[in-house]
Amino acid sequence: MGGGHRPAAVATTDHGGTMLEVSNLEVVYNDVILVLRGISLEVPDGQIVALLGANGAGKTTTMRAITGLLDVHEGDITKGNIIFDGVDITEKDPADIVKLGISQVMEGRRIFAELTVDENLRAGAYTNTDREKVERAYEWVMELFPPLADRRKSTAGYLSGGEQQMLAIGRALMQDPKLLILDEPSLGLAPKLVQQIRDIIVQINESGTSVLLIEQNANMALSIAHHGYIMETGKMVMDGDPEKLLKDEDVKEFYLGLHAGGERKSFRDVKHYKRRKRWLS
Amino acid sequence: MTPDILILAQEAGEQSKLAATIWDGLSLGAIYALLAMGFVIIFKATQVLNFAHGALAALGAFFVASFATIIDVPGRWMPDAPAWLTWSLAVLLALIAAAVVGMVLERLFLRPMVGEELFAVAIVTLGIDIVVRNITNDWIGTDIRPLGDPWGTNFFDLGLLRIAHTEIAQFVVSIVLVVGIALFFRSRTGIAMRATAFDQEAARAQGINVGKIFAISWAIGAVLAAVGGIFASTFPRRIGVDQATAFFAFKAFPAIILGGLDSIVGAVIGGFVIGLAEAAAGTYLEQFEFLGSGFGGVVPYIVMLIVLLVRPYGLFGTEEIRRV
């Protein structure tokens, strides 16, 4: 697993330049269902890493394992470990993980719909007790998302889908994270909004935050990532830099809806799609 | 007397009866509102239907009786201090004790039930109610334990009304607490509590310590229950805390259900509606002999039944109550 070819925005190196290192992670739900079968991934300092995969591949479980939220879903880490910024965070409390500097944008936005925009952001700043830092983060969020600035006092549940996604990302930024994990931020958004969210992720990364981007929208994710991983049924089947992944015939076929000739395939052909044990070794 | 004067006298009597009933209803309603608010805070933050709320109210009132009169702490160490000061300090100690009891109950019996069915958790609180109520009653014994409050049975007349000093204190305290709770909900911890109430997992993802929020909400709930218990055990309601106090406090349930389980505003309005209904029934239904005496006490439950039939989620409650 090499680093990206694009220059990283920030590279502090007191931990070998690796912000997050997941090794041989195995996760079991309800003591019987093996969801992650020993996956490894690495997010280098200041980079955007994309994690792609179909439904049920284990992308969200990977995020839950990293952020300590497996317990509510009856999940357990049975093997492997997760090192963040030089600290072992395997099975740590979610609050401690947030304090160490990992923020997440959960799938489906999960904003606090009954609270106002401002209150959502303040809830996001819960672990950030430095008033000045909170103020700065708040100003920055307002700069990144002008639509939120106009609606500070409105109830979050009444925002449009795009605005809610902005709020979810803004809320995560209030903790002033070193690593931001986004779970399908493009889900259910119009193409124009996906572009906007994409540009904002780049902007966040350029300000020095490492990003782990979990996506089904391979085009969007690979267009900004420094490195990409592809997951299937709980295993990493492929990884590499985005140019290489985009050129790969299998990725083209299964994730971009293109086959060798470059033309679109029909749904009938997709039905013949069979998962492989390992795409390449 | 000429008939004119008779009619006037009768009208004056009717008016003062009405005024007294309304005042009585409002003052009763304030107690129910205090009790209901504590219940709603616990339900909102933790999704727990706390059937032990009445027992906590009686226990809180008994703590006050203990500190203020029975063991006389801190009064026994400060013989020269004015009565209101030693009593206030005793109440403060009692409220701290109530908060600790609330947090201990949550930690021991409800934290392990997180994620279990709403119904199962409610039954646990029913068990807590039985245990707390019986222990409290055992401590109280068969006596009526006066709280030793400085207002005593003092009152003054205002026009048609006879107003007890405790009632003034009760309204001041209720207003302060309602405003205080409203401000608390805008604070960092308050926002975290509302966030937790709305989506526990998303709250944890923000680094909010949900266990701490649960403990705080139980502490606040128990303190509000104790304050309600204090006013339920002083003049003009009663002359002290006794074995019936828990049952008196239980009448806050119709108020809670009327207002909707998860609405603070609903709890306050529900409290006043039930208080007024009970007072009005007490005054005006007495003339119907077939109803017997004390029918006023039944009216809150009748109102509750009717509300449940028409609006199962209460007047101000969220239509769908989420299950965890």
Side-chain angles (χ1 to χ4, degrees), chain A residues 60 63-64 66-74 92-129 131 134 153 155-157 167-168 170-177 180-183, chain B residues 40-41 43-47 111-118 121 181-217 260-266 313 316-324:
Chain A
T60 301
M63 181 179 81
R64 282 183 193 147
I66 296 169
T67 55
L69 286 175
L70 276 175
D71 54 351
V72 269
H73 302 276
E74 311 286 335
K92 251 195 196 305
D93 198 59
D96 295 332
I97 294 171
V98 171
K99 273 181 214 150
L100 282 171
I102 301 183
S103 281
Q104 60 178 321
V105 178
M106 297 166 88
E107 185 182 347
R109 313 191 263 270
R110 301 287 283 270
I111 54 158
F112 303 118
E114 286 175 6
L115 276 59
T116 65
V117 169
D118 262 355
E119 285 169 342
N120 265 277
L121 294 175
R122 286 182 61 197
Y126 184 76
T127 57
N128 197 344
T129 40
R131 222 167 242 256
V134 173
K153 300 280 174 233
T155 305
L167 181 57
R171 185 177 66 179
L173 290 176
M174 291 299 288
Q175 290 146 3
D176 194 18
L180 179 66
I181 307 179
L182 299 111
D183 194 359
Chain B
V40 167
I41 284 183
F43 180 77
K44 254 182 99 85
T46 68
Q47 316 282 310
R111 193 76 61 82
M113 297 296 286
V114 168
E116 300 293 328
E117 264 188 79
L118 207 60
V121 182
I181 296 279
L183 290 177
F184 167 73
F185 274 142
R186 286 172 211 299
S187 71
R188 174 171 169 266
T189 310
I191 288 174
M193 187 177 284
R194 284 158 62 208
T196 306
F198 186 77
D199 186 337
Q200 267 177 36
E201 194 188 0
R204 292 180 77 207
Q206 311 311 314
I208 293 168
N209 185 339
V210 171
K212 197 169 120 193
I213 297 294
F214 284 3
I216 293 172
S217 66
L261 293 168
D262 55 358
S263 164
I264 295 282
V265 178
Y313 35 84
F316 298 88
T318 316
E319 287 204 18
E320 243 177 61
I321 290 163
R322 280 174 301 122
R323 300 171 66 118
V324 185

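Lettering of chains follows the sequences in order, A, B, ..., and the numbering in each one begins at 1. The basis for the numbers below is simple: all heavy atoms, side chains too, and nothing from hydrogens, waters or symmetry mates.
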Participant: Does any backbone or side-chain atom of A:Ala168 lie under 4.5 Å from a heavy atom of chain B? Answer side chain, backbone, both or neither.
Facilitator: neither
Participant: Chain B: which of A:Val72, A:Leu115, A:Asn128, A:Thr127 shares the most heavy-atom pairs with it under 4.5 Å?
Facilitator: A:Leu115
Participant: Taking side chain as everything from C-beta outward and backbone as N, CA, C, O, which of these in A:Arg64 sits under 4.5 Å from a heavy atom of chain B? Side chain, backbone, both or neither.
Facilitator: side chain
Participant: Knowing that exactly one of A:Thr67, A:Val98, A:Asp71 qualifies, which makes a side-chain contact (heavy atoms from CB on, under 4.5 Å) with B:Arg204?
Facilitator: A:Asp71
Participant: Could you tell me which portion of A:Gln175 (side chain, backbone, both or neither) has an atom closer than 4.5 angstrom to a non-hydrogen atom of chain B?
Facilitator: side chain
Participant: Testing the basics here: between B:Ala205 and A:Gln104, what is the closest heavy-atom pair and its distance to 0.1 Å?
Facilitator: CB-NE2, 3.1 Å
Participant: Sort A:Asp118 into side chain, backbone, both or neither according to what part of it lies under 4.5 angstrom from a heavy atom of chain B.
Facilitator: neither
Participant: How long is the gap from NZ on A:Lys99 to OH on A:Tyr126, to the nearest 0.5 Å?
Facilitator: 8.0 Å
Participant: Return the minimal non-hydrogen interatomic distance between B:Ile216 and B:Met193, and the atom names on each side.
Facilitator: CG2-CE, 3.9 Å
Participant: Check the pair B:Glu201, A:Met106 against side-chain contact (heavy atoms from CB on, under 4.5 Å), reporting the backbone distance first and the verdict last.
Facilitator: CA-CA 10 Å; B:Glu201 194 188 0; A:Met106 297 166 88; 3.7 Å; yes
Participant: Got a second to check how far A:Leu69's CG is from B:Gln200's CD, nearest 0.5 Å?
Facilitator: 11.5 Å
Participant: Looking at A:Ala125, A:Ala113, A:Ala172, which has the largest count of heavy-atom pairs under 4.5 Å with chain B?
Facilitator: A:Ala113
Participant: Which answer fits A:Ile111, side chain, backbone, both or neither, if we ask what part of it has an atom under 4.5 Å from a heavy atom of chain B?
Facilitator: backbone
